[in-house]
Structures are given as C-alpha cells and as structure tokens.
> 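Just dropping this structure here.
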Amino acid sequence: MNANGSGKRDLGPGCCASYSPDGDRLLFTRDVDSGPALNNDVFVSNADGSSAANLTASNATNDSAPQFSPDGRRIVFRRDVDPGAGVNTDVLVMNADGSDAAPIVTGAASEVPTDWEHLFRCAGRAATIVGSDSGEKLKGTKRADVIVANGGNDTVRGGGGKDRICGGKGRDKLIGGGARDILRGGAGKDRQIQ
C-alpha cells in the first residue's frame with residue numbers, strides 16, 4: 001500500500017515481505033498449496049506487487065524468511081527439508097532471478113536467522129574501519145580510509161590520506177587529518193573539526 005494507507009494490494013496468503021535495497025522490487029513468500037501443510041515459495045514482484053514471479057516453484061518444501069543481499073543481486077532464505085524431523089532446515093542462497101539456489105547451511109535448527117550482515121557506508125563508499133556500539137577512539141591510517149563511528153560517544157581522527165569520516169548514533173567528535181577529508185555527522189550530536 002501507499003504510505004498513507006491507500007492503494008492496498010493483496011498478494012495472497014503468505015508472509016515475510018521486504019523490499020530490495022533500491023526499493024524497486026518486493027520479496028515475499030506465498031502458500032502455493034491449499035493442503036494442511038505449509039508449502040510457501042519465494043516470490044519477487046515489482047514494488048507495487050504487480051508481475052509476481054515464483055522463484056522456488058520446482059520444490060515441494062516450505063521456503064521462508066527471504067532477504068535480498070545489500071547489493072540486491074542475491075537472496076538468502078530458509079527451506080524446511082524434512083518437516084517431520086526435529087532439525088530440518090537448510091539455509092540457501094540464490095541469484096535474485098531464482099537461479100543457482102545452493103545450500104550454505106544444512107541440517108540447522110528452524111530458528112536459524114537468514115539475513116545479510118549490514119554493510120556500513122560513509123559518503124558513498126564502503127567502510128574500511130567501523131567502530132563498535134561502545135564509545136572508543138578510532139584513527140585512520142596513512143592511506144585514504146572510510147571510517148564509520150557506529151554507536152557510542154566516539155573520537156574519530158583521520159590519518160594521512162583523503163579520508164571519509166562519518167559519525168554514528170552517539171555524540172561523536174570527528175577530526176580531519178589535514179588532507180581534504182570529508183566529515184559527516186551521524187544520528188547523534190556530532191562535532192566536526194577540520
């Protein structure tokens with residue numbers, strides 16, 4: 001639906017909907033069998049729910065918890081391979097078009113999460129140094145670094161290269177290293193010193 005609640009579109013019985021990182025596609029599961037056992041498949045559609053395509057139609061198992069990779073090119077999901085057994089879940093990864101599905105974890109407990117590790121970015125580049133959720137002192141190297149403070153009250157100092165330094169959720173102190181660094185405050189109250 002639209003953000004104001006209008007334009008609702010029923011995608012059928014299912015769950016676990018999420019958007020692709022670029023917001024152009026919707027990933028979800030749908031029960032494709034009217035029988036008593038769940039038989040969810042992974043579907044992808046346009047962002048508005050139109051043109052839904054079944055990505056895992058060739059199996060007779062229950063697929064769940066699909067997630068796009070941060071670049072939108074891969075999908076990770078769970079598959080119940082033997083519902084009668086106690087430990088019965090595999091974790092698979094496939095291309096975003098449903099091809100080349102392959103297990104990466106087999107025989108896991110059904111509560112194994114399927115998600116991608118978050119990729120920290122600063123000023124359009126992938127981070128090379130990332131702080132923890134605690135307050136700490138981070139310092140760049142002599143090369144051009146991309147530093148993300150993350151959580152906590154951090155002091156982040158650039159090194160010798162042209163650095164990109166981004167604050168996090170805490171009250172960070174961002175200090176440039178003198179080589180035309182880019183400093184960006186985060187969600188907290190950050191101070192920037194060039």
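Not measured: the values here are computed from a predicted model.
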> Mind checking the CZ-SG spacing from Arg184 to Cys166? Nearest 0.5 Å is all I need.
6.5 Å
> When you check the side-chain N and O atoms of Asn39 and Asn62, is any donor under 3.5 Å from an acceptor?
no
> Is it the case that one hydrophobic cluster holds both Val146 and Leu174, taking links as side-chain heavy atoms less than 4.5 Å apart, direct or via other members?
no
> From Arg180 CZ over to Lys162 NZ, what is the distance, rounded to the nearest 0.5 angstrom?
4.5 Å
> Arg143: which residues meet the side-chain contact (heavy atoms from CB on, under 4.5 Å) condition with it, sequence neighbours left out?
Thr141
> Once rounded to the nearest 0.5 Å, what's the spacing between atom CG of Asp90 and atom CZ of Phe77?
9.5 Å
> For Ala96 and Phe68, which heavy atoms make the closest approach, and how far apart are they?
CB-CE2, 4.2 Å
> For the residue pair Ala101 and Leu92, what are the closest heavy atoms and their distance?
CB-CD2, 4.4 Å
> About how many Å separate OG1 of Thr155 and CG of Leu138, when rounded to the nearest 0.5 Å?
8.5 Å
> Just by modelled atom types, is the Asp48 backbone N or O under 3.5 Å from a matching donor or acceptor in the Asn46 side chain?
no
> Which pair of heavy atoms, one from Asp63 and one from Thr29, lies closest together, and at what distance?
O-CG2, 3.7 Å
> Restricting to non-hydrogen atoms, name the atom on Ile182 and the atom on Ala123 that form the minimum distance, rounded to 0.1 Å.
CG2-CB, 4.1 Å
> For the pair Asp181 (side chain) and Asp163 (backbone), establish whether a donor and an acceptor sit closer than 3.5 Å, ignoring hydrogens and angles.
yes
> With sequence neighbours excluded, tell me which residues meet side-chain contact (heavy atoms from CB on, under 4.5 Å) with Asn4.
Asn2, Ser6
> Test Leu55 against Ile75 for side chain to side chain contact (heavy atoms under 4.5 Å, CB included), laying out the working first.
CA-CA 10 Å; Leu55 301 179; Ile75 295 170; 3.7 Å; yes
> Would you please name every residue forming a side chain to side chain donor-acceptor pair (under 3.5 Å) with Asn95, sequence neighbours left out?
Arg74, Ser99, Asp100
> Using a cut-off of 6.0 Å, state whether more than 12 heavy atoms not belonging to Arg157 lie near its atom CZ.
no
> Applying side-chain contact (heavy atoms from CB on, under 4.5 Å), can you list everything that pairs with Asp154, at least two apart in sequence or on another chain?
Glu136, Ala149, Val156, Asp172
> Would you mind telling me which of Val91, Asn40, Thr56, Val42 makes a side-chain contact (heavy atoms from CB on, under 4.5 Å) with Arg79?
Thr56
> Under the side chain to side chain contact (heavy atoms under 4.5 Å, CB included) criterion, do Lys8 and Asp10 qualify, and how do the steps go?
CA-CA 7 Å; Lys8 292 183 181 87; Asp10 186 353; over 6 Å; no
> Using the side-chain contact (heavy atoms from CB on, under 4.5 Å) criterion, which residues pair with Ala52? Sequence neighbours excluded.
Phe28, Arg30, Phe43, Ser45
> When rounded to the nearest 0.5 angstrom, what distance separates OG in Ser18 from CZ in Arg25?
10.5 Å
> Tell me, please, which residues at least two apart from Ser69 pass side chain to side chain donor-acceptor pair (under 3.5 Å).
Asp71
> For residues Ala127 and Val148, report the shortest heavy-atom separation together with the two atoms involved.
CB-CG2, 3.7 Å
> To the nearest 0.5 Å, tell me how far Ser50 OG sits from Leu26 CG.
10.0 Å
> Over all heavy atoms of both residues, which pair between Ala47 and Gly23 is shortest? Give the atoms and the distance, please.
CB-O, 3.3 Å
